[in-house]
Amino acid sequence: MKELYQLYAKSNGETIRQHTDKLLNTFEEFIQLYGHHFSALILSAIKYACEYHDYGKALYLFQKSVKNDKFTDNLSNKDELEKLYKDNGFEKYIPHNYFSPAFINPKELKKQTDEITARIVFTAIYYHHNRDFDINKDQLKNIIENDLIKRFGKLSKKYLGEILGDSINDDMWCNYAIILGMLNKLDYYASDIKQKYPFEISGEYHNKSIGDYVYETITKKYDLRDVQKYMLENRDENVIITASTGIGKTESALLWADKSKLFYTLPLKVSINAMYDRISTMYGYDKDKVTLLHSDSISIISNIEEDTEKAMMKYDSSRRFSYPVTICTIDQIFSFVYKYRGCEMLLATLKYSKVVIDEIQSYDPKVIAKLIYGLYLITMCGGKFAIITATMPPVIMYFIDKIKIAHMPEEKFLLEKPLRHKIHYEQADKFDFDKIIEYGKNKKVLVICNTVKSADNIYDELKERGEYVKLLHAKFIKKHQKILEDEILKFAENKDMTGIWISTQIVEASLDIDFDVLFTEMCTADSLLQRMGRCYRKREYDSDEPNVYITDNKNGCGTVYIEDIYIRSSEILPKYNDCMFSENDKMEYINEVYDTNELMKSNSDYFNKIKNEIKSLQYAIPFKMSSIEAKKNLRNIISYKVIPESIYNLHNDEFKKCYEILKNKRNYAIDEYINAVRYIEDHSTNLGQYDVRKDEKCNSLFEGLDYYTLDYKYSFDEETHIGKGLEFVKDEDSNYI
């Protein structure tokens, strides 16, 4: 169509033809990088969608909206067209995507693809903008007949019959998501006038991938371990491995990634930040080829990148999934399980990527169900996954196999030597504080509690009795939490330091620390073994005294932890009491606690939550949920960001500056805006939906950001790093230590 050279796609004068050619050129770039992951049929469908997606911008009203006066002013029937749109209720704006399919010849498209794929292409173009806009069939036909057909001749008015409804199977939905997702991904880049954000960054760095860099780093000093050899040999397969803590699971996963685009998921943000540092420093991988993505990533990235514009580019490119290696939470990529409009780019990207799920058992059972169903859709699309974990409950494998996800048989890599743990289990209301203090005089002692309140109480009990007693949990403001995380890492590494650290689940899998003795409240079996991984991590233990003391006080049973799994864990553990707890013993323990038949027989809440959630996802109707609902429902984590009032008062002038910048952000440079957001973030902490203190939060302080002050005592000394963070007592004076 020669008219495409005169009709505008953008208000800057870029024509529909110019924009479409840009998009098609980007498509060719993409094929060079990842085309081998796609069938010829799907590539043909994507290209067809790219060609026709913006033809609907030929509408008179669209050309008027982008100020194409050369065209609109010279139309002989301009008054008729003005009346046409006014009579149909569209005076200023009309979505072009609903009209683009009219330009497609259905017979020609079906000849180039097939019946179903052609319908998917029609549907992808029709919905390539996810807008809440009310338009009916009569309005569509009226405008096509009296605007487009009069100007362009024969066009299709019956394409609405080709649009797929919501009664489509998973296979059709996956192909739809791939075609539409790729169209949108290509279109976003081609629509960026400056094109400053990379579409896809090559995974090669000096002609080497992340897998190459990890391989070289390891083999300079050591031979590959069995688990690493296995993952490298099976890099083209879906793999599930259980491997002992400290055996090299992370390196194995990166070797498995090889030259592919990688999404490495971890449960906690602090773990993600640490993994980013590990990849960009330990292995020498170019930091411009690895990124992180979680709810606070803009703050972290702006800390890493000195240049603000570069930080924003990295953040925006991260959100577009442009990087070869992305370390992220599952929230960033798994919301597609709800099949909402707008999620298609997620699954399209995962089609030509590899996904690592690290420690799958650490998630809530409903989240585990969503991960399993997500892996099912990813493999259906052609993507690859690896599940790597220190403990794989058999019940999870049951559901993976029940839903028929293709994968290599589960492999176990357990350390027979060294023996690292001797456990002592007892039912008691509290820890043996005298023993903790005694050990703390000449050993590194870690105390892990199930709740912040319990950790606070134990800190109160021990702080006056030990020379070195520190507390770490998630209720310090982020600035202070980072200080404490850095200190505990240094403490663990320093062979000459002794003392006591008290913490919560925050240290289970997020920090690479190694202590001499562990005191822990009883918890579920998987968490218990994770906690043991923080003690004698890689060393052999040969003393007659236990180095792991487990106190079963029922704290968190039925609240933090599912009751039936907690009880099974505590009932089975005593058979290993006062014995060396080998890696095989640990696997036997996990297998018994999470025995599928036993959980089914007992009508386990854990089992039923996974089963029912998978079923609800399988039978969910596509396109019914909004993106906001989907992202909220994925982990269903409701939290409130609060700034302790004493912190707010202490830094009142700085907070006022931040407020001014956020309120009038158009008047400030982007780096000033980012610094303001980061300052607020660094001085806040989160309260969960069940935290009683959340009801005491004050009104929101900052425009566009949901932060509150909280009048509860907060203590932390920035010189000694001593304090309890956000406490459970009201702060009448808002004093700051």
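When the side chain to side chain contact (heavy atoms under 4.5 Å, CB included) test is applied to E493, no partner is found at least two apart in sequence or on another chain. Residues meeting the side chain to side chain contact (heavy atoms under 4.5 Å, CB included) test with S454, sequence neighbours left out: C449, T451, I458, E521, N555.
For the pair R693 and F728, the distance from NZ or CZ to the six-membered ring centre is under 6.0 Å and the angle to the ring normal is within 45 degrees. In this structure, K289 is not positioned above the aromatic face of Y323 in the sense of NZ or CZ being under 6.0 Å from the six-membered ring centre and within 45° of the axis.
Using a 4.0 Å cut-off between charged side-chain N and carboxylate O, E681 and K479 make no salt bridge. Ion pairing between a basic and an acidic side chain is recognised when a charged N comes within 4.0 Å of a carboxylate O; K470 and E487 show such pairing. Using a cutoff of 4.0 Å between basic side-chain nitrogens and carboxylate oxygens, K575 and E592 are scored as salt-bridged. No salt bridge links R534 with E508; every basic N to acidic carboxylate O contact stays at or beyond 4.0 Å. Ion pair K586/E583 flagged as a salt bridge, since at least one NZ, NE, NH1 or NH2 atom sits closer than 4.0 Å to an Asp/Glu carboxylate oxygen. A salt bridge is defined here as a Lys NZ or Arg NE, NH1 or NH2 lying under 4.0 Å from an Asp or Glu carboxylate O, and K609 with D605 meets this definition. Under the 4.0 Å criterion applied to side-chain N and carboxylate O atoms, K475 and D456 are not assigned as salt-bridge partners. With respect to D288 and K310, a salt bridge is recorded, a charged nitrogen being found less than 4.0 Å from a carboxylate O. Ion pairing between a basic and an acidic side chain is recognised when a charged N comes within 4.0 Å of a carboxylate O; D331 and R635 show such pairing. Using a cutoff of 4.0 Å between basic side-chain nitrogens and carboxylate oxygens, R539 and D516 are scored as salt-bridged. The residues K422 and D578 are annotated as not salt-bridged, no charged nitrogen and carboxylate oxygen being separated by less than 4.0 angstrom. Using a 4.0 Å cut-off between a side-chain N of Lys or Arg and a carboxylate O of Asp or Glu, D434 and R465 qualify as a salt bridge.
Looking at N686 and Y640, their side chains never bring a donor and an acceptor atom within 3.5 Å of each other. Of the N and O atoms on the side chains of E718 and H480, at least one donor lies less than 3.5 Å from an acceptor on the other residue. Side-chain atoms of Q361 and Y594 form no donor-acceptor pair, as typed in the model, at a separation below 3.5 Å. A donor atom on one side chain and an acceptor atom on the other are found under 3.5 Å apart for T524 and D526.
A donor-acceptor contact shorter than 3.5 Å links the side chain of N450 to the backbone of M522. A donor-acceptor pair under 3.5 Å is formed between the side chain of K444 and the backbone N or O of M497. Checked by atom type and distance alone, the side chain of D691 never pairs as donor or acceptor with a backbone atom of L687 at under 3.5 Å. Of the possible polar contacts, one joining the S569 side chain to the A525 backbone as a donor-acceptor pair under 3.5 Å is found. Here the side chain of S244 pairs no donor or acceptor atom with the backbone of I247 at under 3.5 angstrom. Between the S527 side chain and the C523 main chain, no donor and acceptor come within less than 3.5 Å of each other. The closest donor-acceptor contact from the side chain of T685 to the backbone of A474 lies under 3.5 Å. A side-chain donor-acceptor contact under 3.5 Å links R568 to the backbone of V593. Judged by distance alone, the side chain of H421 and the main-chain N or O of C535 form a donor-acceptor pair under 3.5 Å. Not a single donor-acceptor pair under 3.5 Å links the side chain of R278 to the backbone N or O of A274.
Between I387 and M392, the shortest heavy-atom distance links the atoms CG2-CE, 3.6 Å. Nearest heavy atom pair, residue A676 against residue I661, reads CB-CG2, 4.1 Å. The heavy-atom pair separating L254 from Y283 by the smallest distance is CD1-CE1, 3.8 Å. Residues S252 and Q228 approach most closely at OG-CG, 3.2 Å, considering heavy atoms. Nearest heavy atom pair, residue L266 against residue Y363, reads C-OH, 3.5 Å. Between G499 and F491, the closest heavy-atom pair is N-CZ, 3.7 Å.
Taking the six-membered ring where the residue is Trp, Y561 and Y566 present tilted rings, their angle falling between 30° and 60°. Aromatic ring orientation, Y714 versus F476: perpendicular (interplanar angle above 60°, classes split at 30° and 60°). Ring geometry for F655 versus Y648: interplanar angle under 30°, hence parallel rather than tilted (30 to 60°).
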If you apply the rule side-chain contact (heavy atoms from CB on, under 4.5 Å), what do you find for I437 with E467, and how did you get there? CA-CA 9 Å; I437 291 296; E467 290 185 15; over 6 Å; no
Could you go through the side-chain hydrogen bond (donor to acceptor under 3.5 Å, both in side chains) check for S362 and Q530 one step at a time? CA-CA 9 Å; S362 65; Q530 287 279 35; 5.7 Å; no
Apply the test side-chain contact (heavy atoms from CB on, under 4.5 Å) to residues I500 and V447: give CA-CA distance (whole Å), side-chain angles for both, the deciding distance (0.1 Å), then the verdict. CA-CA 7 Å; I500 302 163; V447 182; 4.1 Å; yes
Going through the distances and angles, do F581 and L529 end up as a side-chain contact (heavy atoms from CB on, under 4.5 Å)? CA-CA 10 Å; F581 201 28; L529 298 192; 3.8 Å; yes
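In this structure, CD1 on I423 lies 7.0 Å from CG on L528, to the nearest 0.5 angstrom. Between the CG atom of D432 and the OH atom of Y439 there is a distance of 9.5 Å, given to the nearest 0.5 Å. Note: I647 CD1 to E654 CD = 13.0 Å, rounded to the nearest 0.5 Å.
Dense packing is recorded around NZ of K554, with more than 12 heavy atoms of other residues, nucleotides or ligands lying under 6.0 Å away. The 12-atom threshold is exceeded at NZ of K463, counting heavy atoms of other residues, nucleotides or ligands nearer than 6.0 Å. At most 12 non-hydrogen atoms from other residues, nucleotides or ligands lie less than 6.0 angstrom from NZ of K430. Atom CG of D429 sits in a sparse spot, with 12 or fewer heavy atoms from other residues, nucleotides or ligands closer than 6.0 Å.
Each of Y425, Y549, F433 was evaluated against F519; a single residue qualifies, Y549, per the ring pair (Phe, Tyr, Trp, His ring centres under 6.0 Å) test. Considering T265, V290, T291 as possible partners of T326, the one that fulfils the side chain to side chain contact (heavy atoms under 4.5 Å, CB included) test is T291. In summary, of the residues considered (I279, L255, T250), a side chain to side chain contact (heavy atoms under 4.5 Å, CB included) with V214 occurs for L255 alone.
The aromatic ring centres of F515 and Y536 sit 6.0 Å or more apart.
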